[in-house]
Amino acid sequence: MKASRQENARTMLDPGDVRLSRSLFAQETPVVARALLGRDVVHRLPSGACLRGRIVETEAYHGQDDTASHARFGRTGRSALMFGPPGHAYVYLIYGMYEMLNVTANPEDFPGAVLIRALEPLEGIEHMLERRGSRMNLLTNGPGRLCRAMEIDRSLNGIDLVRSDVVWLERGVEVSDAHVAVSPRVGIGYADPIHRDLNWRFSVRGNRWVSK
DNA sequence: TCATTGATACACT
DNA sequence: GTGTATCAATGAC
């Protein structure tokens with residue numbers, strides 16, 4: 001709570017206005033993915049220090065029929081969170097090594113999640129560099145990299161981003177349509193062509209932190 | 001270019 | 001229960 005007050009003072013916004021609300025996440029996944037551009041991911045560490053990154057690239061995984069989505073097998077142990085209430089963190093391991101941060105979307109029982117693919121580091125950058133042992137330009141421009149930099153792992157799976165004092169999302173800045181680029185999603189060659197070709201990847205045009 | 005790494009889902013006993 | 005194919009990626013060459 002103390003950290004929240006500090007954040008509010010820093011951004012000079014009313015407490016109720018800073019965080020993203022449940023209703024934003026309850027929209028259709030591609031709408032949420034677009035709306036999350038320019039928003040800030042904040043992780044308050046046990047030490048009290050905050051890591052902060054601005055979202056510059058997202059992907060939408062929408063519905064059980066989406067053959068690129070973890071929800072394509074229905075409600076399983078892993079994908080259950082995608083069927084749960086919106087605004088929660090879905091963190092999973094891929095390739096045995098890398099954690100991926102997603103935000104659940106859609107009303108309960110309709111599966112959807114937004115994969116956070118790239119962040120622009122804003123706060124706690126020295127801490128991130130120390131942790132990553134990596135060059136600045138490779139800090140957060142990829143879904144696995146940003147999780148390592150932000151210290152986000154599976155222990156945070158299922159956390160309510162609307163209410164948590166550990167990890168949450170803030171309003172950040174508005175990104176106009178003119179600054180949004182859309183393209184097909186990355187790394188889903190196994191999916192049906194119908195879904196492979198959907199323009200469900202959203203990024204901030206020209207931002208240096210976008211992956212690839 | 002290619003090795004890494006382990007959870008997941010599914011098809012079998 | 002056990003076996004195995006697959007994967008929303010990364011970094012060292």
Side-chain angles (χ1 to χ4, degrees), chain A residues 25 28-37 39 41 53 55-84 86 88-106 110-121 128-159 161 167 169 181-204 208-212:
Chain A
F25 303 112
E28 297 213 323
T29 320
V31 174
V32 178
R34 159 67 180 89
L36 288 185
L37 293 178
R39 313 307 182 183
V41 179
I55 298 170
V56 297
E57 181 180 347
T58 61
E59 282 178 2
Y61 291 84
H62 182 64
Q64 194 166 336
D65 295 337
D66 179 2
T67 55
S69 171
H70 283 171
R72 67 188 181 279
F73 301 121
R75 196 189 293 249
T76 64
R78 179 171 65 167
S79 71
L81 273 165
M82 294 183 71
F83 290 79
H88 288 246
Y90 170 37
V91 186
Y92 63 85
L93 190 70
I94 191 65
Y95 299 131
M97 286 182 242
Y98 301 108
E99 330 243 7
M100 301 276 126
L101 170 64
N102 298 253
V103 181
T104 61
N106 295 291
F110 189 96
V114 175
L115 172 67
I116 310 299
R117 285 194 55 90
L119 297 175
E120 176 177 344
M128 296 185 201
L129 281 168
E130 198 173 308
R131 175 178 168 74
R132 285 271 287 119
S134 161
R135 304 213 315 281
M136 181 64 189
N137 63 338
L138 294 176
L139 201 53
T140 53
N141 56 340
R145 289 172 182 150
L146 74 86
C147 280
R148 279 178 47 187
M150 291 285 291
E151 294 202 23
I152 290 167
D153 60 29
R154 281 163 290 163
S155 69
L156 300 174
N157 190 35
I159 204 166
L161 298 167
V167 185
L169 295 171
V182 300
S183 56
R185 294 171 290 178
V186 174
I188 55 162
Y190 57 89
D192 187 288
I194 298 290
H195 304 126
R196 217 163 44 205
D197 298 339
L198 290 168
N199 283 327
W200 278 359
R201 176 179 177 226
F202 302 85
S203 60
V204 177
R208 60 161 290 205
W209 294 100
V210 171
S211 71
K212 300 184 116 180

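Numbers restart at 1 for each chain; the letters A, B, ... are given by sequence-line order, proteins then strands.
Here A:Tyr98 pairs with nothing under the ring-ring contact (aromatic ring centres under 6.0 Å, His included) rule; sequence neighbours left out. For A:His62, the ring-ring contact (aromatic ring centres under 6.0 Å, His included) partners at least two apart in sequence or on another chain are A:Phe110, A:Trp200.
Tested against A:Glu57, the residues A:Ser203, A:Ser211, A:Ser183 include a single side-chain hydrogen bond (donor to acceptor under 3.5 Å, both in side chains) partner, A:Ser211.
Counting only residues at least two apart or in different chains, salt bridge (Lys or Arg N to Asp or Glu O under 4.0 Å) contacts with residues 65-75 of chain A comprise A:Asp66-A:Arg185, A:Arg75-A:Asp109.
Considering only heavy atoms from C-beta on, A:Tyr61 stays 4.5 Å or farther from A:His70 through its side chain. The shortest distance between side-chain heavy atoms of A:Thr58 and A:Ile116 falls below 4.5 Å. Using a 4.5 Å cut-off on side-chain heavy atoms (C-beta onward), A:Val114 and A:Asn102 make no contact.
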**Report entry** Per-nucleotide protein contact string for nucleotides 1-9 of chain C, where B marks a base within reach and S marks sugar-phosphate only (heavy atoms under 4.0 Å, - for neither)
**Finding:** ------BBB
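Between atom CG of residue A:Asn141 and atom CZ of residue A:Arg117 there is a gap of 10.0 Å, rounded to the nearest 0.5 Å.
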**Report entry** Dot-bracket line, read 5' to 3' along DNA chain C, where crossing pairs take [ ] and | marks a partner on another strand, Watson-Crick or G-U under 3.5 Å
**Finding:** |||||||.||||.
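Judged by distance alone, with hydrogens and angles left aside, the side-chain atoms of A:Arg131 form a donor-acceptor pair with the main-chain N or O of A:Arg148 at under 3.5 Å.
In this entry the base of C:dA9 is anti relative to its sugar, with a glycosidic angle more than 90° from 0.
A:Arg132 comes within contact range of the sugar-phosphate backbone alone, with a heavy-atom separation under 4.0 Å but no base atom that close. Nucleic acid contact class of A:Arg201 (heavy atoms, under 4.0 Å, all strands): none.
Heavy-atom neighbours of A:Arg208 CZ from other residues, nucleotides or ligands within 6.0 Å: above the threshold of 12.
Here the range on DNA chain B touched by chain A, meaning any atom under 4.0 Å from one of its heavy atoms, is B:dT4 to B:dC10.
Separation of the C1' atoms belonging to B:dT5 and C:dT4 is 15 Å when rounded to the nearest angstrom.
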